[in-house]
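A short worksheet on the structure shown next.
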Amino acid sequence: MSQLVLVRHGQSEANRAGVFTGWLDVPLTPRGEAEARGAGRRLHDFHFDAAYCSTLVRSRRTLELILAELNQASLAIHAADALRERMYGALQGLNKAETIARYGLEQVTRWRRSYEDAPPEGETLHHTLDRVVAYYNEVLVPALRAGQRLLVVSHGNTLRALRMQLEGLTVAQVEALEIPTGGIRAYELSPALVITSMADL
Ligand SMILES: O=C(O)[C@@H](CO)OP(=O)(O)O
């Protein structure tokens, strides 16, 4: 029986400011650090064989805080570009409320949540899904097949995409899916990698 635990990073400075983030490399706020430690405490029953994060500092710092909380700080960390947040293109750095005032809620909601519409010069969720699922298949699947317990700390939209694939969500379901900062989704998988249980912790 293998385990896969997905965690969204804690609140970042850009989350707090209400700014489109994407590939901007912004640190956690004090609240985000507390969310990361809180996620670690909720994972107290888990012992991991490998840990993964993106190459963005909010993801790595969240992972380090979780591992410290679990007394597993010596676990090697694998940081991958493929686990970076969806690239938000020309929206990166813009205030979300100001963008809604300028372009309207309907357009901004489409840019933020639709599966196939790209933000200007950014990635669609579909493109994000393709790169995240490729990483999952190449790197995580062999470890899961070997029965390992994996911890992955990534971002709101990358985790929506991965959950769409793992849980077989429809387009409508993934468009409605919101993952809170510090949110945890835990799966147990059979040797054939069929999900036998899943829970939000
Ligand atoms: O700004 C971003 O990169 C993401 C995640 O924080 O925001 P949204 O929820 O709008 O996709």
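First listed ligand is number 1; within each ligand, the first listed atom is number 1. Numbers here simply count residues along the sequence, with the first being 1. Note that the structure is a prediction, hence the values are computed from the model and not measured.
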Output for pair (Thr128 OG1, Leu162 CG), nearest 0.5 Å, gives 11.5 Å

Any ion pair linking Glu106 and Arg110 (charged N to carboxylate O, less than 4.0 Å)?
yes

Quick check: closest heavy atoms across Leu151 and Val7, and the distance to 0.1 Å?
CD1-CG2, 3.8 Å

State the atoms of ligand 1, each with its element, that fall below the 4.0 Å cut-off from a heavy-atom position in Phe20.
1 (O)

Can you tell me which residue and heavy atom of the protein come closest to atom 10 (O) of ligand 1, and the distance to 0.1 Å?
Arg112 NE, 2.5 Å

Do Phe20 and Trp111 have ring centroids that are under 6.0 Å from one another?
no

Just to verify, what does Ile77 make a side-chain contact (heavy atoms from CB on, under 4.5 Å) with, not counting sequence neighbours?
Cys53, Arg60, Leu63, Glu64, Leu67

Does Asp130 have any salt bridge (charged side-chain N to carboxylate O under 4.0 Å, His left out) partners at least two apart in sequence or in another chain, and if so, which?
none

Can you tell me the protein heavy atom closest to atom 11 (O) of ligand 1 and the distance?
Tyr88 OH, 2.7 Å

Look at atom 5 (C) of ligand 1 and say which protein heavy atom is nearest, naming residue and atom and giving the distance to 0.1 Å.
Glu85 OE2, 3.3 Å

With heavy atoms only and a cut-off of under 4.0 Å, state how Arg8 meets ligand 1: side chain, backbone, both or neither.
side chain

Run the numbers for me: atoms of ligand 1, each under 4.0 Å from some heavy atom of Asn157, listed by number.
4 (C), 11 (O)

Near Asn15, which atoms of ligand 1 are under 4.0 Å from a heavy atom of that residue?
6 (O)

Atom 9 (O) of ligand 1 has as its nearest protein heavy atom Arg113 NH2, 2.7 Å

May I ask you to identify the nearest protein heavy atom to atom 1 (O) of ligand 1, giving residue, atom name and distance to one decimal place in Å?
Thr21 N, 2.8 Å

Do any heavy atoms of Lys96 fall under 4.0 Å from ligand 1?
yes

Any nitrogen or oxygen of Arg58, side chain or backbone, less than 3.5 Å from one on ligand 1?
no

Do Arg113 and Glu178 sit within salt-bridge range, that is, some charged N less than 4.0 Å from a carboxylate O?
yes

Is atom NE2 of His78 surrounded by more than 12 heavy atoms (other residues, nucleotides or ligands) closer than 6.0 Å?
yes

Among protein heavy atoms, which sits nearest to atom 3 (O) of ligand 1, and what does the distance come to when rounded to 0.1 Å?
Gly22 N, 2.8 Å

